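Step one of this worksheet: look at the structure below.
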Number of protein chains: 2
Amino acid sequence: MRTPDTETSKRAVTQSDVARHLGVSRTLVSFAMRGAPGVSEDMRRQILSAADALGYRRNIQAADLARKRPTAVGLHLVDLHNDVYADIFSGVQEVLRSNDSRLVISVNATPYGPDPRALDPLFEAQVGVIIAATLLDPGERVRELNRRVPLVNVTRSVPGVDSIHSDDISGGRLATGHLLDLGHRNIAHLCGPAFEGHLERRTGYRETMLEHGLQPLIIEAAGFSREDAAAVALKLLASPPGQRPSAIFAHSDELALGVREAAASLGLSIPGDLSLVGYDNSRVAGLHGIDLTTVDLHARELGRAAGQAAVERMLYPASPAVDRILAPTLVTRASTAPLH
Amino acid sequence: MRTPDTETSKRAVTQSDVARHLGVSRTLVSFAMRGAPGVSEDMRRQILSAADALGYRRNIQAADLARKRPTAVGLHLVDLHNDVYADIFSGVQEVLRSNDSRLVISVNATPYGPDPRALDPLFEAQVGVIIAATLLDPGERVRELNRRVPLVNVTRSVPGVDSIHSDDISGGRLATGHLLDLGHRNIAHLCGPAFEGHLERRTGYRETMLEHGLQPLIIEAAGFSREDAAAVALKLLASPPGQRPSAIFAHSDELALGVREAAASLGLSIPGDLSLVGYDNSRVAGLHGIDLTTVDLHARELGRAAGQAAVERMLYPASPAVDRILAPTLVTRASTAPLH
DNA sequence: CTGAAAGCGCTAACAT
DNA sequence: ATGTTAGCGCTTTCAG
């Protein structure tokens, strides 16, 4: 009896076990496992089936270590509860699967603040590139991180760093223009706290308002949650009809949802008393009963482009940073209506 | 000049680099890095700050390999677009962070079908335990997987395997009972395809109906998506008032949302023409304009319990499988109303 | 408190 | 086509 039964043992089956079982060298097994040339077809088949029979699982930790160069792609997500990020994830996964790269995921513990340790798990996992959606840190800090491990910034543009994002200025213009077209003049923009590199939507809004000789009104919520938005919207909408805005453009669908709740609790109807535009085109926006007019930033496509950029960055570490901009689209639904 | 500038070099800074820089042994650095006893406070401080200055990052792949026993926890999620899973994730992360275990995440490529390779990335990452939410495979297959790496099943009970789940039978009873209390008699249950271990909700429904001398009507959609539900609901609701159900209990909020869309496109109002109960208490259910009566399975708490169970399983591999059941709660909202 | 030495499972030259 | 050998970065006895 040459090979003791390892089935019940706690130790994992290794390539050596497979090699010993077949009476060949470890190397040969290693070559066979990853389809490298230099193994006869016959041998490869034997090895593969023996490995399977023994319950062998490749230890990628060891493989990566031995390979000496990083091979995995890191993905950082700020928040799993927002399906924009789920869409980005899907896009990334789609691309990486066809490139069979390994994906290591890290999610912010406390969403929506710049978390200095957010990328640490990814650094420790020795990823070769990090797709970040979204970093709220200042650009200088992002460039510093990028020096450690190349970054692909999603949803944001940072000069000198690969960036995949939607044209938020034009998105802001789209939303504001739509409300202007409907006859609204008293239009407010509700957004979250200001972070460098995340101000384009309000810029698009402000510019469009000024071009029409109108006074922009920008309201910042304390955070990016529905509740944060509801809190400030409640104050904003408490004024009598003539004084309060007849339309609000919110920085995200999530914030728009908060505005909806506030409006409802004040007895204001949408779009009767208030027209509302969101941003993201998340799934909930399209729901009957919600019907939120919004700007689609094509999150899944963003994810695909990011995956692509990550793969290319791994291949050509020294190539110049790309800045890919996708055009957003206005999705008109029932939350906006002509004034009066 | 003893230490060449490694800042610009591509190679990562290792413990040896730190040791050499300080003129101490690698071992000492290793001890200091993970706060092991046997290093003077002074030395530790020196080492830590030197490491920081050099830009040292611990390589967990190497650490895990050397440690010889698995240390990471794997988390498998079927779908990121359903915030029940986002909640489960949050709960798991919360517990594991305070245990500072590493979390490796894997998400199904094609949600909502038993994917035979779904856990492979986790196996390859050499995790010590896998939290699975949710596996649709037959129980026998789950037990087989459990033999490789201990599993913690979330949202489902598999005898012989750690299981953390909601009491779905009582959840089904809660939902059905609520509709009966409102005077409904013609109540249908709309669910997804039948998978072993995922039939409790319909069981609760069926039993309750039979106990009241009523005929259960179970409708299976082709999948678990909103669209799948809408398709079958459209047929179900096309009949004239007397013939069609006056209430539907859906297997999930996602499916309930599909029913809503179908009802809307048929011009039926909820709850005027149809009372609707979902399951999950996802965030969207509570939205003004949706107001879906639903059964809360306390997903985040499920996640916490799963994280806890995972930690314990790592510590005591041989302890008997736990089966933890959480009691679901009915959340009454505006999608259900008395008959007539 | 510190250091030397062995080895985790795998890859990748470099033989043969 | 197959085998030999030397590490990858880290942890962990075991001696000083």
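Naming convention: chains lettered A, B, ... in sequence-line order (proteins, then strands); numbering from 1 in each chain. For clarity, every value in this text was computed on a predicted model and none was experimentally measured.
Atom P of nucleotide dC10(C) and atom CG of Asn59(B) are separated by 16 Å, given to the nearest angstrom. Distance CE (Met43(B)) to C1' (dT2(C)): 9 Å, rounded to an integer number of Å. Atoms CD (Gln15(A)) and P (dG9(C)) sit 11 Å apart, rounded to a whole Å. Between the P atom of dG9(D) and the CG atom of Asp64(B) lies a distance of 16 Å, rounded to the nearest Å. In this structure, CZ of Arg67(A) is placed 11 Å from C1' of dA12(C), rounded to the nearest angstrom. Between Leu28(B) atom CG and dT11(D) atom C1' the separation is 14 Å, expressed in whole Å. Atom CG of Asp17(B) and atom P of dG9(D) are 8 Å apart (whole Å). In this entry the distance linking CZ of Arg44(B) with P of dC1(C) reads 9 Å, nearest Å.
Counting distance only, with no hydrogens placed and no angle test, the side-chain atoms of Thr27(A) and the base atoms of dT4(D) include a donor-acceptor pair under 3.5 Å. Remark: the Ser25(B) side chain and the dA4(C) base include no donor-acceptor N/O pair separated by less than 3.5 Å.
Within the 4.0 Å cut-off from OP1 or OP2 of dC8(C), not a single side-chain nitrogen or oxygen of Arg69(B) is found. Contact annotation: Arg58(A) reaches the phosphate of dT11(C) (side-chain N/O to OP1 or OP2, under 4.0 Å). When the side-chain nitrogen and oxygen atoms of Gln126(A) are compared with OP1 and OP2 of dG9(D), none of them lie within a distance under 4.0 Å. Phosphate proximity of dC8(D) to Gln61(A): absent, as no side-chain N or O sits under 4.0 Å from OP1 or OP2. One finds no side-chain N or O of Thr14(B) lying less than 4.0 angstrom from the OP1 or OP2 phosphate oxygen of dC8(D).
Using a 4.0 Å heavy-atom distance criterion, Ser40(B) is classed as a sugar-phosphate-only contact.
Here the side chain of Leu65(A) is nearest to one of dC10(C), dT2(C), dG9(D), namely dG9(D). Set against dC10(C), dT2(D), dC10(D), the side chain of Ala63(A) has dC10(C) as its closest nucleotide. Side-chain atoms of Ala66(A) lie closest to dC8(D) of the nucleotides dC8(D), dT13(D), dT11(D). Side-chain proximity of Arg26(B) to dG9(C), dC10(D), dT4(D): nearest is dC10(D).
At a cut-off of 3.5 Å, with distance as the only test, no side-chain donor of Ser163(A) or Asn153(A) sits close to an acceptor on the other residue. Between Thr71(A) and Asp64(A), the side chains place no donor N or O within less than 3.5 Å of an acceptor N or O (distance only, hydrogens not considered).
Judged by the 6.0 Å and 45° rule, Arg34(B) forms a cation-pi pair with Phe31(B).
When each of Ala62(B) and Glu41(B) is assigned the nucleotide of DNA chain C bearing its nearest heavy atom, the one mapping closer to the 5' terminus is Glu41(B).
Once rounded to the nearest 0.5 Å, the distance linking CD of Glu94(A) with CZ of Phe89(A) reads 11.0 Å.
Around the CZ atom of Arg67(A), the shell of radius 6.0 Å holds more than 12 heavy atoms that belong to other residues, nucleotides or ligands. Under a cut-off of 6.0 angstrom, the local environment of CZ in Arg300(A) is crowded, with over 12 non-hydrogen atoms contributed by other residues, nucleotides or ligands.
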